[in-house]
Amino acid sequence: MSRYHEVYAAWKKDPEAFWGEAAREIDWINIWDRVFDPYAGEYGRWFTGAECNTAYNCLDRHVLRGRGQQKALIYDSPVTNTTKSFTYAELTHEVATLGGVLQDLGIKKGDRVIIYMPMVPEAAIAMLACARIGAIHSVVFGGFAASELATRLNDCTPAAILTASCGIEGTRVIPYKPLLDKAIELATHKVGTCVILQRPQVDAAMISGRDHDWADLVRDAKARGRKAGCVNVAATDPLYILYTSGTTGQPKGVIRDNGGHMVALKWTMRNHYGIEPGETFWAASDVGWVVGHSYIVYAPLLHGATTVLYEGKPVGTPDPGAFWRVIAEHKVSAMFTAPTAFRAIKKEDPTGAHIKRFDLRLFRTLFLAGERADPETIKWAEKHLGVPVIDHWWQTETGWAIAGNPVGLGTLPVKYGSPTVPMPGFELHVLDEKGVQVPAGQPGTLAVKLPLPPSSLPTLWGANDRFRKSYLADFKGYYTTSDAGYIDADGYVYVMARTDDVINVAGHRLSTGQMEEVVAKHKDVGESAVLGVADDLKGQIPIGLIVLNSGVNRDAQEIEAEVIKLVRDEIGPVAAFKQVITVKRLPKTRSGKILRGTLRAISDGEAWKMPATIDDPTVLDEITEALKARGMALNAKPPTG
Ligand code: COA
Ligand code: AMP
């Protein structure tokens, strides 16, 4: 029997008592005045008046309580043939030393530090070192281009940037330093301090006075015995800023606080993931994404578990058995990844032959999130791994699952296609356009009744108005998730699609609006629409439809290639923007709005209805022909209704 219903009811009855009790798992410097202050911040703040330090709770306290010799972090890198582990004592030492280095470079509490790093242990050490000294880190995913990095530099105005000479993508080495230099050149906010980790694969050229060699600084600090102590911060002080895609080219700087974040994440480790301190938990993501922040770095360490930081891919490093090797070798109890990784494995190893090569007896649960887990993928994983496969739904904004299946409280029956039920903390409703709750089974917008629980964003960095407009303005008293879906009669949640122009490509959140802004910069493009169309491997991929300016008579294919390059150069390879199709016109409503939903249905080969408001229906035939000519929309059904 699952205790879920009982625990959810206890939370609902008295949220403050529930989170106050959960907070006893954290070591505080000063206890809170109020568990929740409804008058503070945009919708209230958690643990006001409390003081704490996140790095202390992740590291020092475990050493003090006897976990010093337990592995805290295992770095597994098939791309460099390296495995290295750090005990809690060793990781504490590394973090305290780097904290000292940063302080010696002038970084103070409240300063921002950008971390633009590949999946090496130093990335986690850098995050924790910032937490230790009260600096606010902002990790930027390595697959973003220089101009994306520049946008973030301008927005959070960091005092320093920490980076490495290169990342390694499968067999390709990607130098980071040219991207960094270009970003600093593009940004109006000029950063005077960069710390560069030189990796053996690439020796980055250093700029004298600005760039410092990471290893030299750490060696020197160790020789001097220099270590930073844990700086007291308010529970409500920001721990980090993580930028995520919104509807425009300007990413949203999601703020995570220190206190609420620790309380919620610590609670999830046992209750949601069913993990005990001392066990090994592996999130196969990247520290550049929220999953990496929460479940590679913070939650497992807050819990005294062992975490795995994996620099590799599900396939090709070297084969589709890579995940099973890591699980077996490091005795992983539970793993967390995106369904797309499993689709990639399934494609190369449909019979699961590689799974049989390894002893996975200690492996208990597979968790999936980041995009809708399609039932086929779940069933394949269940069949071949023989463990429960748990889908859960969350967002950068929350930092942990809004809905999930709480293994630690007793697993609820799985319904394929549903991430199961709302977690304590989230009172989830389905609303119609007017903000009225719809009956069970009816679709609408998934919205969380305020207040949001601990760990959720209190606001956006430097953008309170945007926070209110983006999340609180649509439905009074609610946070809108911008996900559409429904809740069935048993209370199971179904997440179907975004209500905004965010798409999900290989578990990566991207904005089609942002891509359109970049496409529009091409001198020959008059109009464009970027759509997320269904893809067997990545879930969705973007395609661009462009209309050329009148009078342009250059080869369309040449222009299409330039547009693709433009998006790659401005947003980065992670956009996976590889298809552009030139069309004569775009379908619009009589008021001039591009009919993106209809376009997407046509390109996905779904049945679609002729929109009543369309200005000229013949445009859709032209588009269908253009898509067919590229091998798309072949299954397009004739308009119905
Ligand atoms: N640094 C530089 N470039 C990067 C990068 C990084 N950290 N991460 C990805 N890229 C590049 C890729 O090399 C690829 O470049 P290409 O167009 O030159 O081939 C491009 O960005 C797109 O990357 P991706 O969409 O990840 O495609 P892929 O073909 O490289 O890999 C998967 C596909 C499914 C194997 C991979 O996305 C994956 O493992 N995903 C699951 C885990 C995950 O990332 N989850 C995220 C949230 S939980
Ligand atoms: P991110 O902020 O990058 O974590 O992306 C969050 C978005 O990914 C959500 O708003 C959803 O659209 C999608 N998403 C994440 N997890 C799931 C899931 N389990 N099922 C369906 N969609 C999901």
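What you are looking at is a predicted structure, and each value in this text was computed from that prediction instead of being measured. For ligands, and for the atoms within them, numbers begin at 1 and follow the listed sequence.
Remark: the Glu122 side chain and the Tyr75 side chain contain no N/O donor-acceptor pair separated by less than 3.5 Å. At a cut-off of 3.5 Å, with distance as the only test, no side-chain donor of Glu517 or Gln250 sits close to an acceptor on the other residue. Of the N and O atoms on the side chains of Arg509 and Thr244, at least one donor lies less than 3.5 Å from an acceptor on the other residue. Thr82 and Thr80 share a donor-acceptor pair across their side chains, judged by distance under 3.5 Å alone. Between the side chains of Tyr240 and Arg256, at least one donor N or O sits under 3.5 Å from an acceptor N or O.
By the 6.0 Å and 45° rule, Lys252 does not stack over the aromatic ring of Tyr243.
Ligand 1 has at least one atom lying under 4.0 Å from a heavy atom of Ile174. Ligand 1 does not have Phe336 within reach: every non-hydrogen atom of the residue lies 4.0 Å or more from it. Taking a 4.0 Å cut-off on heavy atoms, Gly167 fails to register as neighbouring ligand 1. In this structure, Tyr176 has a heavy atom closer than 4.0 Å to ligand 1. Distances from ligand 1 to the non-hydrogen atoms of Gly370 include no value under 4.0 Å. Ligand 1 lies less than 4.0 angstrom from a heavy atom belonging to Arg568.
Contacts between Arg343 and ligand 1, counted as non-hydrogen atom pairs separated by less than 4.0 Å, are absent for every part of the residue. Residue-level proximity to ligand 1 for Pro118 is absent, since no heavy atom of it falls below 4.0 angstrom. By the criterion of a heavy-atom distance under 4.0 Å, the side chain of Arg172, and not its backbone, is placed next to ligand 1. For Ala576, no heavy-atom contact with ligand 1 is shorter than 4.0 Å.
Salt bridge status for Asp490 with Lys415: present, with a side-chain N to carboxylate O gap under 4.0 Å. Under the 4.0 Å criterion applied to side-chain N and carboxylate O atoms, Arg325 and Asp76 are assigned as salt-bridge partners. Looking at Glu169 and Lys313, a side-chain N of the basic residue comes within less than 4.0 Å of a carboxylate O on the acidic one, giving a salt bridge.
Regarding atom 20 (C) of ligand 1, its nearest protein heavy-atom neighbour is Pro573 O, 3.2 Å. Remark: minimum distance from atom 25 (O) of ligand 1 to any protein heavy atom is reached at Lys538 NZ, 3.0 Å. Among all protein heavy atoms, the one lying closest to atom 45 (N) of ligand 1 is Ala338 CB, 3.7 Å. Among all non-hydrogen protein atoms, the one lying nearest atom 30 (O) of ligand 1 is Lys313 NZ, 3.3 Å.
Residues His303 and Tyr298 keep their aromatic ring centres 6.0 Å or farther apart. Between His293 and Trp289, the distance separating the two ring centers is not shorter than 6.0 angstrom. Taking the centre of each ring, Trp267 and Tyr273 stay at or above the 6.0 Å mark. Aromatic pair Trp400/Tyr295: ring centres not closer than 6.0 Å.
In this structure, atom 36 (C) of ligand 1 has no protein heavy-atom contact shorter than 4.0 Å. Of the protein's heavy atoms, none falls inside 4.0 Å of atom 32 (C) of ligand 1.
For ligand 1 and Thr340, the ligand atoms under 4.0 Å from any heavy atom of the residue are 34 (C), 40 (N), 41 (C). Listed by number with element, the atoms of ligand 1 under 4.0 Å from a non-hydrogen atom of Gly507 are 46 (C), 47 (C).
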Just list the side-chain donor-acceptor pairs under 3.5 Å for residues 445-457, sequence neighbours left out, or say none.
from, atom 1, to, atom 2, distance (Å)
Ser455, OG, Thr398, O, 2.9
Ser456, OG, Pro453, O, 3.0

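Sorted by chain then number, the residues whose non-hydrogen atoms approach ligand 2 to under 4.0 Å are Val290, Gly370, Glu371, Arg372, Asp391, His392, Trp393, Trp394, Gln395, Thr396, Asp483, Val495, Arg498, Asn504, Arg509.
Here the shortest heavy-atom distance to atom 7 (N) of ligand 1, taken over Trp394, Phe141, Phe577, belongs to Phe141. Nearest-residue assignment for atom 4 (C) of ligand 1 (options Lys578, Met119, Met117, Glu169; heavy-atom criterion): Glu169.
The environment of Lys347 atom NZ is sparse: at most 12 non-hydrogen atoms of other residues, nucleotides or ligands sit within 6.0 angstrom.
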